[in-house]
Amino acid sequence: MGILNVTPDSFSDGGRYLDPSRAIDRARAMVGEGADLVDVGGESTRPGSAPVSTDEEMDRVLPVVETLVDEGMIVSIDTTKPEVARSAIVAGAEVINDITGMGDPEMRRVAAETGAGVVVMHMRGTPLDMQDRPHYEDVVAEVGLFLRQRVTTMSENGVERARVVIDPGIGFGKTLAHNLALLNHLGELGRIGPVLLGVSRKSMYRGLLGIENPEDRDLASAVTAALAVSQGVRLFRVHNVDLHRRTTMAAWAMVREQS
Ligand code: HH2
């Protein structure tokens, strides 16, 4: 899954793809590098980011979604707003990627009514306050319980399991230690459902390796993704598609050989 932020303020590429024609070129490039789908987002969710209005978010994402769909790309819409999700699905997007974990009943209704695929992500708090001293007794158990319960809620609301992938939400209300614990137990989370992982360029690599510039975090991101492949993860939300594709395919070849 290639990341396309049509925002002025995302942590790694904010402002670069706000112009629709640049966003579309970027999507084409990612698909050329092997992305199977493009995740279009119109609201940054980096720690401390401020919300945007529904109209503003729609204006940013819909023209881009329409063009990508016209060009035959599979599009997911990265949004927390049911109205944005519905409009994007009507425009041809196929997946809703909701960092609030489909907690809003209206968002679940959109998924049920449209038949969209869904990414259910775990987040503690909101982007404004999530890094304000997050605390867990047992992060793996608590995130796992949340995801399990949410998958059940989704199916009770008419979104069958086969359409749902789960995401531990690396960096969303988690310390470095929490992130590492989750990354070390991806196989366990995989028993709940297929896992999508978002570690690309995340600030955990600043904490871990002192890398300030997000673009310099690609190698560390790709190594993490390769290790996640060995724990059963097959879906990755990434900025540098080419590097991740090559790294995870190499890891996949090794894993397949062992099984
Ligand atoms: N991370 C971000 C946004 N959306 N969706 C999923 N499923 N998993 C993630 O880990 C995830 C996500 C990070 O947000 P943002 O600050 O907007 O930056 P970017 O989109 O460049 O990653």
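One-based numbering along the sequence shown. When a ligand or atom number is given, it counts from 1 through the structure's own listing order.
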For [X], which part has a heavy atom under 4.0 Å from ligand 1: side chain, backbone, both, or neither?
| X | result |
| --- | --- |
| D78 | side chain |
| V119 | side chain |
| T7 | neither |
| D39 | neither |

I'd like to know whether ligand 1 has G169 as a neighbour, heavy-atom separation below 4.0 Å.
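G169 does not count as a contact of ligand 1 under the 4.0 Å cut-off.
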
Would R201 count as a contact residue for ligand 1, given that I'm defining contact as a non-hydrogen atom of the residue lying under 4.0 Å from a ligand atom?
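It does not; every heavy atom stays at 4.0 Å or beyond.
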
Identify the protein heavy atom lying closest to atom 8 (N) of ligand 1, giving its residue, its atom name and the separation to 0.1 Å.
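The answer is D167 OD2, 2.6 Å.
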
Provide, to 0.1 Å, the distance between atom 16 (O) of ligand 1 and the closest protein heavy atom, together with that atom's residue and name.
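Ranked first by proximity to atom 16 (O) of ligand 1 is R46 N, 3.0 Å.
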
Ring center gap for H122 and F146 short of 6.0 angstrom
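Yes, ring centres under 6.0 Å apart.
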
Side-chain donor-acceptor pair present, [X], [Y], cut-off under 3.5 Å:
| X | Y | result |
| --- | --- | --- |
| T175 | H178 | yes |
| S53 | D55 | no |
| Y17 | T7 | no |
| S76 | D39 | yes |
| T126 | D129 | yes |

Using a 4.0 Å cutoff against the non-hydrogen atoms of [X], which atoms of ligand 1 qualify?
| X | result |
| --- | --- |
| H239 | 19 (P), 21 (O), 22 (O) |
| I99 | 4 (N), 5 (N), 12 (C) |
| T45 | 2 (C), 3 (C), 13 (C), 14 (O), 15 (P), 16 (O), 17 (O) |
| K202 | 1 (N), 9 (C), 10 (O), 11 (C) |
| M121 | 6 (C), 8 (N), 9 (C) |
| L196 | 7 (N) |

Are the side chain of [X] and the backbone of [Y] linked by a donor-acceptor contact shorter than 3.5 Å?
| X | Y | value |
| --- | --- | --- |
| E57 | V84 | no |
| K174 | P134 | no |
| R206 | E212 | no |

Only heavy atoms count here, so choose which of H122, R237, E43 is nearest to atom 12 (C) of ligand 1.
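The nearest heavy atom belongs to R237.
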
Would you tell me which option among N97, V95, N5 has the nearest heavy-atom contact to atom 19 (P) of ligand 1?
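That would be N5.
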
May I ask you to decide whether R237 forms a salt bridge with D78, counting only side-chain N to carboxylate O separations under 4.0 Å?
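Yes, R237 and D78 are salt-bridged.
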
